S.K.: 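Supplied in structure tokens, the structure appears directly below.
Worth knowing before you read on, the calculation uses all heavy atoms, side chains too, and leaves out hydrogens, waters and symmetry mates. Quick note: residue numbers are just sequence positions, from 1. These numbers come from a predicted model, not from an experiment.
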Amino acid sequence: MSGAANRWCNRYFFPKQAGLLGFVLLSLVHLAYAQHQSPKLQFKHIKNEDGLSNSTIEAIFQDQRGFMWFGTRDGLNRYDGYQILVYKFDAKDPHSISDNYITCLYEDQQHTLWIGTLNGLNKYDPILNQFTTYKNDPSQPQSLSHNHITGIYEDQPGRLWISTLGGGINLFAPRTGSFKALRKSQGLNSDEVQCCFEDQQHNFWIGTSRGLHLLNRERHKLTAIPMPGDGKGGAYPSIHAIKADQTGQLLLGTSDNGLIVYQPRERSFVQHTHRVANRHSISSNLIRSILVGKNGNIWIGSINGGLDVFEPSSGKFYNHQNEPDNPRSLSQRTVSAIFEDNQGNTWIGTHRGGVNLYMPKTEKFALFRQEPKPNSLSYNDVKAFCEDRFGNIWIGTDGGGLNRFERSTQAFRHYKYNPFDTRSIGSNEVLDVFEDSAGRLWVGAWGGGLNLYNRDRDDFTRFQHQTRDSQSISSNYIQKIFEDGEKNLWVATYFGGLNLFDPEKKNSTASPGAGAAKPVCSATTWCRSMRIPWAISGSAPTTVASIA
């Protein structure tokens, strides 16, 4: 079986994960940057083999319905936690998305999803599952000023702003479908606008390839903000991303000048650049993305620098990189998009490394997995736990036999099936582990019968079905073991029904009609009511039986 009857019964939230992956214990692991520590983050990965249309991610967003959207260089991807649906340009379909290179994603106050591409702006209709495209038309002055979209942002009054790489910034009127462009001829220092942002005081900031602007939207007045030059003739840095921290400081991610922290009230700057001799400096000067999390954590993604977590109070950066020998490290060293979902999980998009998912709530657990070392967990598909009276933790795996966790060494002792040793466990597919009131440890194995662990000899006694013995267990496919209030031991099997097993006499009595029902799910639920055990089987239709 190796779990075939059970795998489809349990589905993990993230794709291609079945059963319990590894073994977890509660611990006090938590993010502790404030204590000047650098915790090792663990990531889950979503890649091409999981359905992504392309492994280079340019944008990430979660819509009001909970769907995650990934903008890649070859298609728009919608992820529901199980499957990925891909949207691509189709020349034969006027309602398809305008281009496969997705640059940005945004949902407005009306819950309309907007998608920026290298070739136009798109509005998605979830009811019709189609797109409306807006493009530049030289013959129409009120059309989009340029087709290369770099950003989409809705300000507090509900006005939608579209920044472009070559056409300045556009104010969009959804009712009329018209655009009003603000360009270099109107006072911008460059038509290459890369981002815009509204702070808590409702100041509206515009980042261009030649620095930072403050826009007075009522007076239509632009103010260029003096900034530290990059040492090359005093040229202003190219602003690629703008965010604000919890104190109101602007965090400016530049294309070659690192991170610039701007304090609007004092009009002062602090510039953070990479310094080889300082391991707590920013890892790269080429910033691609910034996220200020709900808990105040500041995440910075850069080209070839991995992922940085910034601590403003100390000016320190804590870096996370791809580690070839660690499958749960960051998948690639260029981070192009960072997003926090409504559950507090952080999604990181990379170049050629797909999507990385960090779930901080799982950091409360220490994870034990199968690793290429002798004393790790024997197999990642865990089916059963039992803590005996001596404090030992026994873990049954569906393919790796039985494990005993040694608390003092944090190591695992393995018990596996040996065809040449009748005192070994009956099979490596362990579905249940149970200690009875007398302190006996029982192990139910798929195809291996009922196994009694002998503590003095550190081996097992097997109780298996014998065709000519009516008092032997009715099936070798054990799913559940239970002791009732009268200290009777009940054993539920697949194909053999329910057995009442006598530990003293070492024999069993099968319930009437044993083998008639064929349960299809390995979970058997027990309860006691009026001293009568009840068993619920997974047969179709579901049956409930009481044993008087």
Side-chain angles (χ1 to χ4, degrees), residues 59 61 63-65 67 69 71 76 78 87 89-188 190-199 202-208 213-223 242:
F61 197 84
D63 67 18
Q64 186 264 345
R65 298 179 295 167
F67 289 114
W69 295 84
L76 176 65
R78 190 187 76 182
Y87 298 89
F89 170 69
D90 182 353
K92 298 179 181 179
D93 182 3
H95 298 295
S96 69
I97 197 165
S98 63
D99 194 79
N100 290 335
Y101 195 121
I102 312 301
T103 57
C104 51
L105 299 165
Y106 193 84
E107 186 177 61
D108 64 24
Q109 296 174 20
Q110 307 303 316
H111 303 307
T112 299
L113 184 68
W114 298 88
I115 304 99
T117 74
L118 283 186
N119 189 27
L121 175 70
N122 297 260
K123 179 174 70 174
Y124 175 64
D125 186 335
I127 305 301
L128 299 177
N129 197 33
Q130 63 185 27
F131 299 86
T132 300
T133 298
Y134 302 89
K135 287 188 176 182
N136 173 254
D137 183 350
S139 66
Q140 297 293 330
Q142 291 186 324
S143 68
L144 185 67
S145 63
H146 199 280
N147 287 333
H148 186 158
I149 311 300
T150 56
I152 306 166
Y153 194 91
E154 184 180 29
D155 63 15
Q156 192 271 337
R159 294 172 290 204
L160 202 64
W161 299 83
I162 314 299
S163 59
T164 71
L165 197 69
I169 189 168
N170 294 252
L171 177 59
F172 178 55
R175 292 183 179 179
T176 61
S178 62
F179 297 83
K180 183 178 180 179
L182 181 64
R183 306 190 61 163
K184 190 174 181 180
S185 57
Q186 280 85 43
L188 275 179
S190 172
D191 276 339
E192 294 183 346
V193 178
Q194 299 177 118
C195 54
C196 56
F197 178 77
E198 183 178 27
D199 64 23
H202 306 301
N203 299 311
F204 195 77
W205 305 89
I206 300 174
T208 77
H213 277 283
L214 176 61
L215 172 63
N216 186 317
R217 288 160 289 176
E218 304 306 322
R219 299 180 181 180
H220 304 283
K221 181 182 177 181
L222 282 163
T223 301
I242 307 174

S.K.: Once rounded to the nearest 0.5 Å, what's the spacing between atom OG1 of T150 and atom CG of L118?
M.R.: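 T150 atom OG1 to L118 atom CG measures 10.5 Å (nearest 0.5 Å).
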
S.K.: Filter on salt bridge (Lys or Arg N to Asp or Glu O under 4.0 Å), then keep only pairs touching residues 131-152, sequence neighbours left out; what's left?
M.R.: none

S.K.: List for me each residue that meets side-chain contact (heavy atoms from CB on, under 4.5 Å) alongside H146, sequence neighbours excluded, and say none if there are none.
M.R.: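 Counting only residues at least two positions away or on another chain, H146 forms a side-chain contact (heavy atoms from CB on, under 4.5 Å) with H148, T164.
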
S.K.: Could you measure the distance from the OH atom of Y106 to the CZ atom of F61? Nearest 0.5 Å is fine.
M.R.: 7.0 Å

S.K.: Roughly how far, to the nearest 0.5 Å, is the CG atom of L171 from the CH2 atom of W161?
M.R.: 4.5 Å

S.K.: What orientation do Y134 and W114 show, parallel under 30°, tilted 30 to 60°, or perpendicular over 60°?
M.R.: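 Answer is tilted, since the angle falls between 30° and 60°.
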
S.K.: Taking only residues two or more places apart in sequence, or in another chain, which ones meet D125 in a side chain to side chain donor-acceptor pair (under 3.5 Å)?
M.R.: none

S.K.: Measure the acute angle between the ring planes of Y124 and F131, then classify it against the limits of 30° and 60° as parallel, tilted or perpendicular.
M.R.: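 Correct class here is tilted.
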
S.K.: Among residues two or more places apart or on two chains, list those pairs meeting salt bridge (Lys or Arg N to Asp or Glu O under 4.0 Å) that have a residue in residues 89-102.
M.R.: none

S.K.: My understanding is that only residues two or more places apart in sequence, or in another chain, count here; which of them pass salt bridge (charged side-chain N to carboxylate O under 4.0 Å, His left out) with R183?
M.R.: D191

S.K.: Would you please test F179 and L121 for side chain to side chain contact (heavy atoms under 4.5 Å, CB included) and show each step?
M.R.: CA-CA 12 Å; F179 297 83; L121 175 70; 4.1 Å; yes

S.K.: Would you name the heavy atoms of S145 and N136 that are closest together and state the gap between them?
M.R.: O-ND2, 3.5 Å

S.K.: Give me the atom names and distance for the closest heavy-atom approach of A181 to Q186.
M.R.: O-OE1, 3.8 Å

S.K.: Are any non-hydrogen side-chain atoms of L222 and L188 less than 4.5 angstrom apart?
M.R.: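 Touching, per the 4.5 Å side-chain cut-off.
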
S.K.: Judged by modelled atom types alone, do N129 and Y87 share a side-chain donor-acceptor pair under 3.5 Å?
M.R.: yes

S.K.: Nearest 0.5 Å please: distance from the CH2 atom of W205 over to the CG atom of L215.
M.R.: 11.0 Å

S.K.: Please check if the side chain of D108 supplies one atom and the backbone of Q110 the other of a donor-acceptor pair under 3.5 Å.
M.R.: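 Checked: pair present.
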
S.K.: Should L160 and I152 be marked as a side chain to side chain contact (heavy atoms under 4.5 Å, CB included) after you check the CA-CA gap, both sets of side-chain angles, and the distance that decides it?
M.R.: CA-CA 7 Å; L160 202 64; I152 306 166; 4.1 Å; yes

S.K.: Within the structure provided, determine whether P126 and L113 are in side-chain contact (heavy-atom separation under 4.5 Å).
M.R.: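 No, every pair of side-chain atoms sits at 4.5 Å or beyond.
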
S.K.: Once you round to the nearest 0.5 Å, how far does CG of N119 lie from CD1 of I97?
M.R.: 11.0 Å

S.K.: What closest approach, in Å, do V193 and S163 show between heavy atoms, and which atom pair accounts for it?
M.R.: CG1-CB, 3.4 Å

S.K.: Just jot down the side chain to side chain donor-acceptor pair (under 3.5 Å) partners of R217, sequence neighbours excluded, or say none.
M.R.: D155, E198

S.K.: Taking the side chain from T103 and the backbone from G116, do they hold a donor-acceptor pair closer than 3.5 Å?
M.R.: yes

S.K.: Quick one: list whatever passes side chain to side chain donor-acceptor pair (under 3.5 Å) with S98, sequence neighbours left out.
M.R.: T117, N122

S.K.: Looking at residues at least two apart in the chain, or sitting in another chain, which of them share a side-chain contact (heavy atoms from CB on, under 4.5 Å) with R175?
M.R.: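 Residues passing side-chain contact (heavy atoms from CB on, under 4.5 Å) with R175: none at all.
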
S.K.: Could you tell me the separation between the CG atom of N147 and the CG atom of L165, rounded to the nearest 0.5 Å?
M.R.: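 Going from CG on N147 over to CG on L165, the span is 12.0 Å.
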
S.K.: Tell me, please, which residues at least two apart from R219 pass salt bridge (charged side-chain N to carboxylate O under 4.0 Å, His left out).
M.R.: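 If we apply the salt bridge (charged side-chain N to carboxylate O under 4.0 Å, His left out) test to R219, skipping adjacent residues, there are no hits.
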
S.K.: Under the side chain to side chain donor-acceptor pair (under 3.5 Å) test, which residues partner T223, sequence neighbours left out?
M.R.: none

S.K.: For Q142, what residues pass the side-chain contact (heavy atoms from CB on, under 4.5 Å) criterion, not counting sequence neighbours?
M.R.: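 By the side-chain contact (heavy atoms from CB on, under 4.5 Å) rule, Q142 matches S178.
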
S.K.: Tell me, please, which residues at least two apart from Q109 pass side-chain contact (heavy atoms from CB on, under 4.5 Å).
M.R.: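 Scan of Q109 (side-chain contact (heavy atoms from CB on, under 4.5 Å), adjacent residues dropped) gives E154.
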
S.K.: Give me the atom names and distance for the closest heavy-atom approach of C104 to A59.
M.R.: CA-CB, 3.8 Å

